[in-house]
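Working notes for the structure below.
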Amino acid sequence: MTERSQVVAAPLDAEFAGPRGPIRWRRWLGLSVPLAIALVFVLAGALADVLAPHDPNFVNLGARLEPPVFDGGTWAHPLGTDDVGRDILSRLMHGARLSLIVVGIVVPGSALFGTLVGMTSGWKGGATGQILMRIVDIQLALPGILFALLLGSIFGPSLRNVIIILLVWTWSGYARLVRAEVLSLRERDFTTASRALGAGGWWIMRKHLFPNVVNTVVIIMTLEVAIVIQVEAALSFLGVGVPAGTASWGRMITEGREVMIVAWWPIWLPGLALLIISLTGNLMGDWLRDRLDPRLRHLH
Amino acid sequence: MQFWNYLIVRLLQAVVVVFVVVSIVFFVARLVGNPEAFLLPYEATDAEIETIRDRLGLNDTLIVQYGDFLWDLVNLDFGTSYRGAGTSTIAAIGERAVNTLKLTVAGMVFAVGLSIPLGIAAALRRGKVTDWIARFLAVFGQATPSFWLGLMVIFFFAVELRWFPTGGAEGFRSLILPALSLGLLEMAAIMRLTRSGMIDVMGSDFITTARAKGLRESTVIMRHALRHALLPVVTILGLGLGRLIAGAVIIEVVFAWPGIGRLIIDSIVQSDYPMVQTAIIVLAASIALANALVDVSYRLIDPRIRAGAI
C-alpha cells in the first residue's frame with residue numbers, strides 16, 4: 001500500500017518541485033498577494049476609527065447614491081455613498097472591523113475548545129470518547145443556520161447571537177479531525193515510551209500529542225476564517241445577525257439590494273469585499289495545507 | 001440480516017438527533033420566559049394574563065411542560081400559528097415543503113450533473129484548458145457568498161437580459177436561477193473531490209491492468225476508474241444534502257421563493273414563534289432523515305462495506 005502510493009505520488013511531487021523559473025515565481029505571487037490583502041484587511045479593520053474618512057453611520061440625504069471616484073464621483077466619497085448618503089468606504093472599513101472582531105473571538109475560541117475535546121476523547125477513548133463523538137456527530141448533522149434562526153427569532157438580531165452561534169457551530173470540525181489524529185498517535189512508540197517512563201495523561205497531551213496536531217489545527221483555523229466571515233454576512237443579510245444599521249458587509253448587501261437597479265456600487269462593493277477576503281482565506285489555507293500537511297487535501 | 005440491523009440502528013440515530021433538536025428548541029424557547037406577551041396587547045389585565053398562562057400550560061412545572069410538548073409532537077400536534085386565526089403550523093409548512101424540496105433537488109441535480117463530468121474531464125486533461133476552467137470555477141464557487149451571487153444573477157439574467165423571472169415559483173424557468181445559486185458551492189466541492197479522486201485512481205495498478213488487457217479507454221474510465229473515484233463523492237452527498245436544505249433558507253429569501261425558509265424569516269418578522277419552532281423541527285428532521293438514507297445507500301453501493309470488510 002505504502003509502496004504503491006509513493007509511486008503514485010512521485011509524479012505529483014515532481015510537478016511542483018521546480019525550484020526556479022515560472023513555478024517559483026507563481027508560488028511567490030500566490031502567497032504574497034493573499035498576504036498583502038490580508039494585511040490591508042486587518043489594518044483597515046483595526047484602524048477603522050482613525051482611517052475612515054467619515055462616520056460610517058452619518059446620514060446625508062443631500063449626498064445620496066454618489067458614484068465612486070472612478071465612475072464619475074468625487075474624492076469626498078472615494079467609493080461613493082449608499083441610498084441614504086452614508087460613505088461606503090467608511091462602512092466597508094467598519095464592516096471589516098466587525099468581521100475581525102467575530103473572527104478574533106470565534107476562530108481561537110472554537111479551535112481551543114474543539115482541540116481539547118478532540119484530544120481528550122481520542123486519548124481517553126472508552127465511554128467519554130464515545131459520548132463526546134456522538135455530540136460531535138449530532139453537531140455535524142445539524143446546519144447551524146437552523147440554530148441561528150431559533151436564537152434570532154427569540155432574542156432578536158445581535159452580535160452576541162452571531163458569536164454564540166458560530167462558536168457552537170464550528171468547534172466540532174476541530175474535534176473530529178484532532179481525535180482521528182490522536183487515535184493513531186497514541187498507538188505510536190513515542191507515546192508508549194513516554195507512558196512507560198511514568199508520564200501522566202496531561203503531560204503526554206501537552207508534550208507529545210499537541211505538537212503533532214497543531215499543524216492540522218492551524219490549517220483548519222485558516223480555512224475557517226472565510227467561513228466565519230461569510231456566515232456572519234449571511235446571517236446579517238437574513239436579519240438574524242447584527243442589528244439593522246450596523247456597518248456590516250451582510251447588511252450593506254441587504255441595503256444595496258433595494259437600489260440594485262439604479263446603482264451598482266452599494267451592492268457590488270461589499271459583495272466583492274466578501275468574495276476577495278474569502279478567496280484570500282482559502283488560498284492561504286490551501287498554501288499552508290500543502291506546506292504543513294498534504295494529507296489533509298480532502299478538506300474543502 | 002446485517003443490513004437490516006444497520007438500517008434500524010441508523011434510523012434510531014436519526015431519531016436521537018431529532019430528539020436533541022426538539023429539546024434544544026423547547027429549552028431555548030423557555031429561556032425567554034413570557035410567551036404570553038406575544039399573544040396579548042400591552043394593556044391586558046392580570047386576570048387575562050393568568051387565563052392565557054393557564055391555557056398554554058405555563059403554570060405547570062418545567063418538566064411537565066416538557067413532557068406535554070414531547071407528547072404533542074409524538075401525536076403530530078405541532079400547535080397553532082399566532083397569526084391567521086389559529087392555522088395549524090404543520091399544515092402551513094406542509095404547503096411550503098414541496099417548494100423547498102423542489103429547490104433542494106434542483107440544486108443537487110445542478111451540482112452533481114455539472115461537477116462530476118467536469119471533474120472527470122479536468123482529471124483526464126490535467127493542466128489543460130478544461131482543467132484550468134474547472135479549477136477556476138472551484139476556487140470561485142467556494143468563495144462566492146450564495147446570497148450575493150443570487151442577487152447578481154437576478155440583476156444580469158432577470159433584470160437586464162430578461163431571460164428568467166426575478167423571483168417567485170412559477171414554472172420551470174423560475175427554478176433555474178435559484179437552483180444555480182444554491183448549487184454552486186456544492187458543485188465546487190464535489191468537482192474538487194471527483195477530480196482528485198480520478199487523478200489518484202488513474203495512477204493505480206488495476207487501471208494499468210485494465211489497459212493492458214486491451215480494454216477501450218472509455219470502458220477503463222467508466223467501468224473501472226469512475227466507480228472507484230465516486231465513492232468519496234457519495235459520502236459527502238449526505239452532508240451536502242443537509243447543507244443544501246440549510247442553504248435553501250437564504251436562497252428562498254433572495255428569490256422570493258415560497259418555501260419553508262422564507263416562511264421562517266417571515267414568521268420571525270411577525271414574532272410567530274410556534275411557526276418558527278415547527279419549521280425548524282421539520283427541517284432538522286428532514287436533514288437527519290436524508291443523512292441516514294445516504295449512509296444506508298452508501299452501504300449498498302460499496303461492496304467492501306456490505307461485506308463488513310471496513
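Order of the sequence lines fixes the chain letters, A, B, ..., with proteins taken first and strands second; residue numbering starts at 1 for each chain. Below, all heavy atoms of this structure are taken into account, side chains as well, without hydrogens, waters or symmetry copies.
- With chain A as partner, the option from B:Ala138, B:Ala246, B:Pro145 having the largest number of non-hydrogen pairs under 4.5 angstrom is B:Pro145.
- The minimum heavy-atom distance between B:Gln142 and A:Asn282, with the atom names listed, is O-ND2, 4.0 Å.
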Report task. Decide salt bridge (Lys or Arg N to Asp or Glu O under 4.0 Å) for B:Arg135 and A:Asp286; before the verdict, give the C-alpha distance in whole Å, the side-chain angles of both, and the deciding distance to 0.1 Å. Result -> CA-CA 13 Å; B:Arg135 283 162 68 179; A:Asp286 285 352; over 6 Å; no
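- The most heavy-atom pairs under 4.5 Å with chain A, out of B:Ile250, B:Ile24, B:Val159, B:Asn291, come from B:Ile250.
- With a 4.5 Å cut-off on non-hydrogen atoms, A:Leu275 touches chain B through its backbone and its side chain both.
- Here the side chains of B:Ile268 and A:Leu238 are not in contact, with every heavy-atom distance at 4.5 Å or above.
- Between B:Ile280 and A:Phe147 the shortest side-chain heavy-atom distance does not fall below 4.5 Å.
- Using a 4.5 Å cut-off between heavy atoms, A:Ile261 contacts chain B through both its backbone and its side chain.
- Between A:Phe237 and B:Val253, the closest heavy-atom pair is CE2-CG1, 4.4 Å.
- With rounding to the nearest 0.5 angstrom, the CG atom of A:Leu150 is 10.0 Å from the CD1 atom of B:Ile264.
- For A:Ala233, the parts lying under 4.5 angstrom from a heavy atom of chain B are both the backbone and the side chain.
- Scanning both residues, B:Met152 and A:Ile267, for their nearest heavy atoms gives CE-CG2, 3.8 Å.
- In this structure, no portion of A:Ile135 lies under 4.5 Å from any heavy atom of chain B.
- Taking non-hydrogen atoms and a 4.5 Å limit, the residue list of residues 160-174 of chain A in contact with chain B is empty.
- Looking at B:Ala284, both its backbone and its side chain come within 4.5 Å of chain A, counting heavy atoms on both sides.
- For B:Val20, the part lying near chain A is the side chain, with the backbone staying farther off; criterion is any non-hydrogen pair under 4.5 Å.
- For A:Glu232, the side-chain hydrogen bond (donor to acceptor under 3.5 Å, both in side chains) partners at least two apart in sequence or on another chain are A:Ser236, A:Ser248.
- A:Trp268 places none of its side-chain heavy atoms less than 4.5 Å from the side chain of B:Leu151.
- B:Thr144 approaches A:Gln230 most closely through the heavy-atom pair C-NE2, 4.1 Å.
- B:Val254 touches chain A through backbone and side chain together, each having a heavy atom under 4.5 Å away.
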